[in-house]
Amino acid sequence: MVSGSAGGAVVVRPCVREDAAAAQALRGLAFGGPREADPSWVDSPGFTAAVAELGGAVVGFTRVWAFRQFFGGRAVPCGGVASVAVAPHARGRGVASALLDDALVGMREAGQAVSALFPYVKRPYRARGWEHAGALERVRVPLAELRVPRVDVEVRPGTAADLAGAQDAYLRTARDIDGMFDRTTPGFTVERALAEDVFTVAVDGSGVRGYLVARRPDGSTVDVLDLVADDVDTAHALLGQVASWAGYTPEAGLRVLDPALLDLVLPSSVTRGAHVETWMLRVVDLPAAVAARGWPHAPDLAVDVEVVDEHAPWQAGRWRLTAEGGQVRAERGGEGSVRLLARALGPWFAGAASSGQLRRSGLLDGDAEAARALDRLVGGPGLPRLADAF
């Protein structure tokens, strides 16, 4: 891909091993970490990478992870945009825009109907159609106050034989939470649990009912990476394992996977907002995204929309969304009763914002009653969650 810029054309092409040193230096400069690495990282599974050149020199880098993200109980193919880095002297010359435009085309070709990212700054992503849709949250739990009931649930160290059962337990919870990844794509390795300091499973005669993965980085904290439980007794059994560190450390950090654990189960106070990262979502291919998503709240209805999207022209224009028997499809045509900017599609699709909120934000206009039909389709608004940064 070639795009014009002041001072020369930006050329975007696939990243190859010969680009590894320059790409790694850009990543290290932009986000911290090592400036050098084994060039084999370019060939790692789970993502595709691209570089941008100006005058034959590599001045930009990005990669897109292949994920699957739950919405309405079904896993939607998702492109996870990450590591967007531009050399300081090349900023303001359209490099990041060219990388993102190339990524949009690539994601559509790869069947990734939506795209998620964690922004360092929001402006360049909003300019290309991404918008805030959810959060990744970590909380602090004072262990002296973490007193949980004793329950008759067997817990033991997890082994390699438990990994499949733990993944199944994760999926039983994750498919219920809009925004969560299904962790089945090559970017995820279930064996990583075995390398952490704590991998505990709760079991019964039917298999793994829940599990705990935690890290003990020093003598002052315990970092809980995953706590998954099928039921309240299992949650209490695993929380009891966390509480057992009270004699060694004052508090635990807990990455929020299931918000019900905090709001409905956890018996002690927590420090909310200790660490919150917002993530953005973009619809890359509207009909494919609509076909892939689950629609458990959708009544039978039809609504006509007009999408304004200059950076994904394949989905710009008029569409009729038709819901029937819990299935929704998007087909060309209709009267365009509701006008949606590209940035509105992600929050709507995720159930993160109502039509009224989108209207007040300047992202939606048109017939108010027809717009409320969009709300009835997704059953929102809510707060989609992610537990995996990338």
Side-chain angles (χ1 to χ4, degrees), residues 64-81 104 107-108 110-118 129-137 170-185 187-188 256-260 277-299 301 303 305 307 309 312 315 319 321-330 340 342-355 357-358 363-364 373-390:
V64 177
W65 290 91
F67 295 135
R68 288 163 51 88
Q69 194 170 16
F70 282 115
F71 291 107
R74 293 179 62 186
V76 179
C78 169
V81 176
L104 283 171
M107 286 186 287
R108 186 194 185 212
Q112 294 162 345
V114 298
S115 173
L117 57 82
F118 285 90
W130 280 266
E131 190 47 79
H132 171 75
L136 182 155
E137 183 181 10
Y170 168 82
L171 288 172
R172 288 194 294 272
T173 293
R175 67 168 50 95
D176 234 9
I177 304 170
D178 284 342
M180 298 292 287
F181 292 146
D182 73 357
R183 295 183 178 175
T184 63
T185 52
F188 294 97
V256 179
L257 192 152
D258 185 356
E277 298 177 60
T278 60
W279 50 272
M280 305 176 85
L281 190 74
R282 193 201 206 284
V283 172
V284 175
D285 189 327
L286 180 63
V290 166
R293 192 194 197 281
W295 301 92
H297 308 290
L301 57 81
V303 56
V305 302
V307 174
D309 193 344
Q315 66 180 7
W319 298 88
L321 304 181
T322 305
E324 186 175 3
Q327 300 294 315
V328 181
R329 63 183 185 275
L340 295 155
R343 284 173 52 203
L345 292 176
W348 164 72
F349 184 84
S354 69
S355 61
Q357 291 167 332
L358 294 171
L363 303 180
L364 174 153
L374 294 174
D375 299 334
R376 292 195 290 274
L377 286 177
V378 296
L383 179 62
R385 297 274 182 169
L386 265 175
D388 301 295
F390 56 92

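- Using a 30° and 60° split on the angle between ring planes, Phe67 and Phe188 fall in the tilted class, from 30° to 60°.
- Checked by atom type, the side-chain pair Asp375/Ser354 shows no donor-acceptor distance below 3.5 Å.
- If you take CG on Leu171 and CZ on Phe70, they are separated by 5.0 Å, rounding to the nearest 0.5 Å.
- Side-chain atoms of Pro259 and Ile177, non-hydrogen and from C-beta on, do get closer than 4.5 Å to each other.
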Indicate every side-chain donor-acceptor pair of residues 343-352 with a distance under 3.5 Å to a residue at least two apart or in another chain.
residue: Arg343; atom: NE; partner: Glu131; partner atom: OE1; Å: 2.7
residue: Arg343; atom: NH2; partner: Glu131; partner atom: OE1; Å: 2.7
residue: Trp348; atom: NE1; partner: Leu374; partner atom: O; Å: 3.1

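- The minimum heavy-atom distance linking Met280 with Trp130 is given by the pair CE-O, 3.5 Å.
- Rounded to the nearest 0.5 Å, atoms CG (Leu281) and CG (Asp178) are 10.5 Å apart.
- In this structure, CZ on Arg68 lies 5.0 Å from CG on Asp182, to the nearest 0.5 angstrom.
- Taking every heavy atom of both residues into account, Ala323 and Ala298 meet most closely at CB-CB, 4.3 Å.
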Carefully, step by step, assess Val114 and Val284 under the rule side-chain contact (heavy atoms from CB on, under 4.5 Å). CA-CA 5 Å; Val114 298; Val284 175; 5.5 Å; no
Could you give me the CA-CA distance, side-chain angles and deciding distance for Val290 and Trp319, then say whether side-chain contact (heavy atoms from CB on, under 4.5 Å) is met? CA-CA 12 Å; Val290 166; Trp319 298 88; over 6 Å; no
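- Atom CD of Glu324 has 12 or fewer heavy atoms from other residues, nucleotides or ligands within 6.0 Å.
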Checking side-chain contact (heavy atoms from CB on, under 4.5 Å) for the pair Glu277/Leu386: CA distance, chi angles, key distance, verdict? CA-CA 9 Å; Glu277 298 177 60; Leu386 265 175; over 6 Å; no
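- Salt bridge absent: Asp258 and Arg172 never bring a charged side-chain N and a carboxylate O closer than 4.0 Å.
- Between the side chain of Gln315 and the main chain of Val283, a donor-acceptor pair closer than 3.5 Å is present.
- Listed here is the closest heavy atom pair of Phe390 and Leu117: CZ-CA, 3.8 Å.
- Residues Arg282 and Leu104 are in side-chain contact: their nearest non-hydrogen atoms beyond the backbone lie under 4.5 Å apart.
- Atoms CH2 and CZ, from Trp295 and Arg329 in turn, are 13.0 Å apart once rounded to the nearest 0.5 Å.
- Between Gly134 and Leu383, the shortest heavy-atom contact is CA-CD1, 4.1 Å.
- Side-chain atoms of Gln69 come within 3.5 Å of backbone atoms of Gly179 as a donor-acceptor pair (strictly under, hydrogens ignored).
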Derivation and outcome, side-chain contact (heavy atoms from CB on, under 4.5 Å), residues Met180 and Arg385: CA-CA 6 Å; Met180 298 292 287; Arg385 297 274 182 169; 4.1 Å; yes
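- The two residues Leu301 and Ala373 come nearest to each other via the heavy atoms CD2-O, 4.0 Å.
- For Thr185 against Ala66, the heavy-atom pair with the smallest separation is OG1-O, 2.8 Å.
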